[in-house]
4 protein chains.
Amino acid sequence: MSPKSPTQFTAIREKSRAKILKAAVELFSKYGYLEVSVSRIAEKAGVAKGLLYNYFHSKEAVLKAIVDLMMSDMQVFMESVAGEERPKVKIERMIRLSFRMFREKAAFYKNIMSIITQSGVPSKIKKPLNDFLAEAVAELEETFRLEGVENPRIEALKLGAILDGVAWHYLFVFGESYPLDNMENELVKRYTGTVK
Amino acid sequence: MSPKSPTQFTAIREKSRAKILKAAVELFSKYGYLEVSVSRIAEKAGVAKGLLYNYFHSKEAVLKAIVDLMMSDMQVFMESVAGEERPKVKIERMIRLSFRMFREKAAFYKNIMSIITQSGVPSKIKKPLNDFLAEAVAELEETFRLEGVENPRIEALKLGAILDGVAWHYLFVFGESYPLDNMENELVKRYTGTVK
Amino acid sequence: MSPKSPTQFTAIREKSRAKILKAAVELFSKYGYLEVSVSRIAEKAGVAKGLLYNYFHSKEAVLKAIVDLMMSDMQVFMESVAGEERPKVKIERMIRLSFRMFREKAAFYKNIMSIITQSGVPSKIKKPLNDFLAEAVAELEETFRLEGVENPRIEALKLGAILDGVAWHYLFVFGESYPLDNMENELVKRYTGTVK
Amino acid sequence: MSPKSPTQFTAIREKSRAKILKAAVELFSKYGYLEVSVSRIAEKAGVAKGLLYNYFHSKEAVLKAIVDLMMSDMQVFMESVAGEERPKVKIERMIRLSFRMFREKAAFYKNIMSIITQSGVPSKIKKPLNDFLAEAVAELEETFRLEGVENPRIEALKLGAILDGVAWHYLFVFGESYPLDNMENELVKRYTGTVK
DNA sequence: GATGAATGAGTCTTCATTCAT
DNA sequence: CATGAATGAAGACTCATTCAT
């Protein structure tokens, strides 16, 4: 008799939106943005194709939403180390954080790398990701500088390259057999002189 | 008009095939496999669309042919250092070779990384590329072992990660502004104790 | 909260229905029947999409309701001259009435001509409009006959054609720059021998 | 063995293009531009949907092609009376030409009027048609001026309105029952003082 | 060997309509 | 009476592939 309350609608919306995003993340990370059709996302999410457009005005908007999610996730991670003043500790935390992301946000991370690598993706979407990476390297550089490292820029790029290289190898080349834990400890040791 | 000799036919075939491959390489590295249509390849190659199917039975077969080309290119590179017995020198040469490839075969390399990243590409094509990478790491591992490094597997993976990370940063993130030369010298110094 | 009296319900119903019709008229005349979506009508009317189906069982039914409205409007106009016995005066009044409609009901008139022109619109809707036009011509014919004009049918069709032609030029071709007033006086003079 | 000659290809292309245009003209004039889908055009033309895009880069381009055809047809008609110096004769010829077009190019003319009337059609397409109509009226005005008519502008608009009104009544309201011949003779008599 | 017209499945997107609350 | 989430058919358009010549 009475219409659904706004609260009910919000809850329903949130749930459907989440279903769609979840399906999209999985499919994009497994098959790549261009290879996945809107129909397939809808099917996997268990909703009608049309419903997707109730929440995202285009396929690209779905990708954008995923990227935004990932970005704020990463931002949170970044901020969690931002307060750290001791350079060595900060480096260690950044390394450990990166590995945690590789492990816990594998699907997201795969998407990110795949998006950056795919030419079909509009640069409107790529730009913020590239910017984020560049910023992360800048942060590393600053930390190395504080630590008194001789060539902080090069050193930051090197660590950045290792981390992204590890991610790439883990996510796209070697898969589960990759010795993620060993690499993590090795890098921490190498950059801080200690092992946990 | 006049009947052509078998040799002439072969020459013609080879020329058309090469034209098509060249066009495909350029387009794939610039726009990505999925974004490039067969028509566009044919157009760029200056042949009729139908002719392409005379040489390759599908669009995917064109990609396969390109990957094969790249693989043998890399194989040649690899073999050029295979004979080197002195571990330190071998490591240096492998590093320098990699950077030469990043620089001189940027388009190829971009394609490779992009292909590996796109799970849409059938594993028939991706497998050999992955294998090649694994093999290269194995080669590094063996060399580090000879050198007497403590944990050659980890060390090889680390250098592999750096190299691929550098490639990724250079090709997809930072572009021409990336200090490729500095990184090269830095790595050589780090791994051999010398600079050129 | 409190139970509403039947009168209240009727009032509410009437108000919502009117809001929807108003919105539809405006949108249809501005963008055309096919170009306007039900969502847009509901949005402009400030009601939920579903409510529209509470009052009209389809989008087409909304159009039908609008056409009916227009028809009764025109009927009223027609009846206002029906009593006139003097042929010359009647002709003049019909001409002047037509121009008043072009001016004051431009949106309605645009809709009508547009509907008649779009064969996509089901004839259930077009029929009454066509009938109305035919009737108007018949009325003119009768009046010309009374006046003793030689070929009243042809004369009626000719005046009808001029009036619709003027409407068409004014509404779709020349727009505001069309000399509606001049044409009106010219026609009155031509058909009655007088100017106001 | 040998490829088709360019001449053969041109012939084939011309034939297919014509088939598609013919189907489109018929469907557009019967159901209106917006109501007709590309699939339906292709089906009626007896070709695959995709082929249409081999000849026209969009549905709108098909419409544009039709409009262009119509425009040049009308241009030819216009030019055929352009040389006529005697005003009375010129007016008669213009009237008779118009009626010939209504009769012989009914489908085209229906399209034109329907296009001008439909809001969904981009003004890029409408503009030239409107311009053409305006030009035709200007031509009439000039002729009336030469004839020494008192108010040539109004007179030209009036004749223009009659002609378009007749077309509208014939094509959209009364259909085959409309006394086209009578109207034609009546108008000629009215504007030249003679009947054929 | 070479041409490009032709096919049709598949892409993203829109929208009238239904329905649980 | 009122809401808006959900559906699915249909629309315009793309493109790998085939084939007659």
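Residue numbers begin at 1 in each chain, while the letters A, B, ... track the order of the sequences.
If you take CD of Glu43(C) and C1' of dA5(F), they are 16 Å apart, rounded to a whole angstrom. Nucleotide dT3(E) holds its P atom 16 Å from the CD1 atom of Ile41(B), rounded to whole Å. Taking atom CD of Gln8(D) as the reference point, atom C1' of dG4(E) lies 12 Å away to the nearest angstrom. Between the C1' atom of dG4(F) and the CD atom of Glu14(A) lies a distance of 15 Å, rounded to the nearest Å. Per the geometry, CG belonging to Asn54(C) stands 5 Å off P belonging to dC1(F), to the nearest Å. Per the geometry, CZ belonging to Arg17(D) stands 13 Å off P belonging to dA6(E), to the nearest Å. One can place OH of Tyr55(D) at 17 Å from C1' of dC13(F), the figure rounded to the nearest angstrom.
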| query | Given the rule in the side-chain contact (heavy atoms from CB on, under 4.5 Å) test, do Phe172(A) and Lys126(B) qualify, once you have shown the distances and angles that lead to the verdict? | reply | CA-CA 10 Å; Phe172(A) 295 103; Lys126(B) 282 166 65 175; over 6 Å; no
Protein heavy-atom contacts under 4.0 Å, written 5' to 3' over nucleotides 9-15 of chain E as B (base), S (sugar-phosphate only) or - (none), form the string -BSSBB-
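Partners of Lys105(A) according to the side chain to side chain donor-acceptor pair (under 3.5 Å) rule, which considers only residues two or more places apart in sequence or in another chain, are Asp73(A).
Shown here for Leu27(D) and Val36(D), the closest heavy-atom pair between the two residues is O-CG2, 3.5 Å.
Taking side-chain N and O atoms only, Arg13(A) has no distance below 4.0 Å to OP1 or OP2 of dG4(F).
Stem analysis of DNA chain E (Watson-Crick or G-U pairs, both distances under 3.5 Å, runs of at least three) returns E:2-21 with F:2-21.
When only modelled atom types and interatomic distance are considered, Ser114(D) and Gln118(D) share a side-chain donor-acceptor pair under 3.5 Å.
Note that Lys19(C) lies outside the cation-pi zone of Tyr55(C), set by a 6.0 Å cut-off to the ring centre and a 45° limit from the axis.
A salt bridge does not link Lys30(B) to Glu35(B): none of the charged side-chain nitrogens sits closer than 4.0 Å to a carboxylate oxygen. A salt bridge is defined here as a Lys NZ or Arg NE, NH1 or NH2 lying under 4.0 Å from an Asp or Glu carboxylate O, and Glu26(B) with Lys22(B) meets this definition. Using a cut-off of 4.0 Å between Lys/Arg side-chain N and Asp/Glu carboxylate O, Glu43(C) and Lys49(C) are scored as not salt-bridged.
Where Leu52(C) and Leu52(A) each meet DNA chain F at their nearest nucleotide, the meeting point lying more 5' is that of Leu52(C). Nucleotides of DNA chain F nearest to Val47(A) and Ala48(C) differ in position, and the one nearer the 5' end is that of Ala48(C).
Among the atoms of the strands shown, none is found under 4.0 Å from any heavy atom of Phe56(B).
Here the straight-line distance linking atom CG of Leu63(D) with atom CD1 of Ile125(D) works out to 4.0 Å at 0.5 Å rounding.
The side chain of Phe9(D) sits closest to dG4(E) out of dA2(F), dA6(F), dG4(E).
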